[in-house]
Number of protein chains: 2
Amino acid sequence: MSKALNGRGQLRDETRARVQAVAHELGFVPSAVAASLLTGRTYTVGLIMTDHHGRFSLPVLHGAEDALGWGETLALVCDTRDDPIREQHYVRSLIRRRVDGIIVAGRRTDPRPPLGGRPPVPVVYAFARSSDAADCSVVVNEEAGAREAVEHLIRTGRRRIAHVTGPRGHASVRTRVDGTRHALHEAGLELVGEPWYGGWSEVWGRFAAAALTRSHPDVDAVFCGSDAIARGVADGLRECGRRVPDDVALVGVDNWQPTAEGCRPPLTSVDLNLQEVGRTAGALLLRAIEYGAAPGIHTVPCRLVVRASSAPASG
Amino acid sequence: MSKALNGRGQLRDETRARVQAVAHELGFVPSAVAASLLTGRTYTVGLIMTDHHGRFSLPVLHGAEDALGWGETLALVCDTRDDPIREQHYVRSLIRRRVDGIIVAGRRTDPRPPLGGRPPVPVVYAFARSSDAADCSVVVNEEAGAREAVEHLIRTGRRRIAHVTGPRGHASVRTRVDGTRHALHEAGLELVGEPWYGGWSEVWGRFAAAALTRSHPDVDAVFCGSDAIARGVADGLRECGRRVPDDVALVGVDNWQPTAEGCRPPLTSVDLNLQEVGRTAGALLLRAIEYGAAPGIHTVPCRLVVRASSAPASG
DNA sequence: GTGAAAGCGCTAACAA
DNA sequence: TTGTTAGCGCTTTCAC
């Protein structure tokens with residue numbers, strides 16, 4: 001019977017068809033549980049998300065679903081709310097359930113400690129890499145993303161570029177500052193003033209815009225560490241009488257639809273390609289399950305999405 | 001051994017401890033797969049989400065996780081991207097995996113067709129109810145939410161209240177209009193003009209604010225069908241020279257942090273309590289699994305979150 | 001209080 | 001080409 005339903009084994013086509021017909025009529029659905037017991041594979045992976053808002057881990061989940069073949073392999077999703085105890089708990093639960101592997105989706109790009117409890121299955125870290133180099137991680141090339149953003153500004157005629165970004169402590173803040181400086185340097189330019197470190201919020205963006213206009217009135221572009229900041233900067237600049245993009249061009253990071261498209265004008269933004277991160281993580285996990293772990297850090301490129309906020313100055 | 005590890009059966013404490021010690025030392029983790037085969041329960045449920053951005057289904061997932069006891073029962077998450085074919089596919093996959101039940105998280109409040117494929121396990125619909133009354137659904141009391149919003153505006157001294165909302169076709173748009181009218185009527189008031197139907201976007205809110213200011217310059221409050229709309233209205237009003245909340249108070253719906261708190265001023269908003277919807281759905285599902293299905297529509301109340309946009313007029 | 005054995009639903013190997 | 005059987009890892013029952 002198993003042969004008929006799975007298309008394996010030597011069987012006359014007619015017999016196979018007959019068996020399948022009867023099975024269908026009876027509403028018979030073979031149990032993956034029993035099959036798993038025998039084969040040792042559950043075609044199930046754990047997906048641990050640590051950002052409860054899901055802004056980062058949801059796109060990762062979607063990408064992973066793509067790679068996992070639309071239900072061929074399904075994901076048991078666990079939201080740790082960034083609590084290590086809960087994480088531990090979930091990992092144990094996943095192991096008991098004999099998942100074939102685990103994807104850990106981070107909420108910041110800073111390296112994170114590897115999963116505790118020595119999971120006996122492959123683990124792939126997505127977005128935030130594991131601090132253990134022997135683990136397998138998929139990360140975004142944020143440095144290149146920042147560079148692209150700034151190169152785009154330079155290409156469209158901007159020369160006096162400032163950088164307003166998030167909290168000093170974040171790895172992504174440092175990386176984006178580096179990328180910015182790098183791109184400017186390559187073009188023989190320098191950052192206008194120092195990077196403006198603050199929060200990730202619109203409020204900070206508005207504040208920074210006002211301060212920036214005062215201290216550096218000749219700025220003609222701002223690369224912002226996030227879309228929220230950029231949006232605040234857009235509003236702040238407008239209220240200081242500067243026009244976007246005519247006087248000042250703006251680029252953000254995240255390409256988060258609600259913010260980027262609600263912004264006036266719509267925001268040019270660096271897309272972190274999180275779905276691709278998820279897809280890569282899923283594919284790597286499957287490969288690790290079949291052929292053994294492939295440690296290392298895999299990098300996915302960003303993608304600049306150009307909207308009105310960085311249109312060349314009309315003058 | 002099973003007796004020792006699960007604390008069942010007649011066993012000397014010492015024996016139990018000894019077995020557990022050895023098991024721990026060997027890194028032995030009992031297989032839930034084998035247990036499921038025997039008991040028929042997998043302690044796994046399917047969670048079908050239909051909104052790929054997760055704005056509605058993620059809070060539902062969190063609530064469900066709460067109810068499912070932190071890993072006691074885990075959720076296999078499937079994102080259908082609102083495609084019925086894919087949904088069908090996922091349902092079959094879940095059934096093969098012998099999930100104990102299924103939660104279907106909607107993306108609009110309009111009733112949706114029930115899951116195809118006659119799942120042999122309990123199904124609970126969350127946020128969007130099933131169009132089949134024999135199913136079990138958990139929905140938000142949006143009518144009461146709208147009423148509360150308007151009552152709040154009236155209580156804080158507003159009398160000339162307008163309503164700017166989303167597309168005519170949506171059930172939640174109709175319900176919110178009804179609630180608004182109801183609350184006004186109870187207070188002996190009437191809506192200023194007709195409801196303004198449009199999109200869910202900020203752009204629409206800005207446009208509507210301008211039009212509204214022109215046609216009804218005496219409006220002193222606007223109840224908006226979403227936070228995005230409200231935010232657009234806030235910006236639009238400000239640009240027409242009206243102060244929020246001094247001249248016009250504003251209330252939105254969704255209580256979506258990024259929008260509500262990025263708004264100037266921060267937005268009073270009707271919270272849809274989606275996490276509670278998820279919790280209720282999870283609890284109902286567990287009950288249905290243990291004691292059989294309990295059909296019907298279960299309603300969860302909204303919660304008004306008051307912020308600066310609806311402060312009483314200072315004058 | 002402890003050990004042995006049957007059987008959950010499937011697959012793979014083997015016998016007919 | 002088809003039917004039979006052992007056994008995946010657990011729990012439950014029953015004999016000791």
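Order of the sequence lines fixes the chain letters, A, B, ..., with proteins taken first and strands second; residue numbering starts at 1 for each chain.
Atoms CD1 (B:Ile95) and P (C:dG9) sit 16 Å apart, rounded to a whole Å. As a whole-Å value, the separation of B:Arg41 CZ from D:dT12 P is 13 Å. Straight-line distance from the CZ atom of A:Phe28 to the C1' atom of C:dC10: 9 Å, rounded to whole Å. If you take CG of A:Leu38 and C1' of C:dC8, they are 13 Å apart, rounded to a whole angstrom. B:Tyr43 places its OH atom 14 Å from the C1' atom of D:dC10, with the value rounded to the nearest Å.
Cation-pi geometry between B:Arg129 and B:Tyr125 is not satisfied (NZ or CZ under 6.0 Å from the ring centre, within 45° of the ring normal).
Ion pairing between B:Arg112 and B:Glu87 holds under the 4.0 Å rule for side-chain N and carboxylate O.
Where A:Leu37 and B:Arg18 each meet DNA chain C at their nearest nucleotide, the meeting point lying more 5' is that of B:Arg18.
Counting heavy atoms from C-beta on, the side chains of B:Cys78 and B:Leu94 come closer than 4.5 Å.
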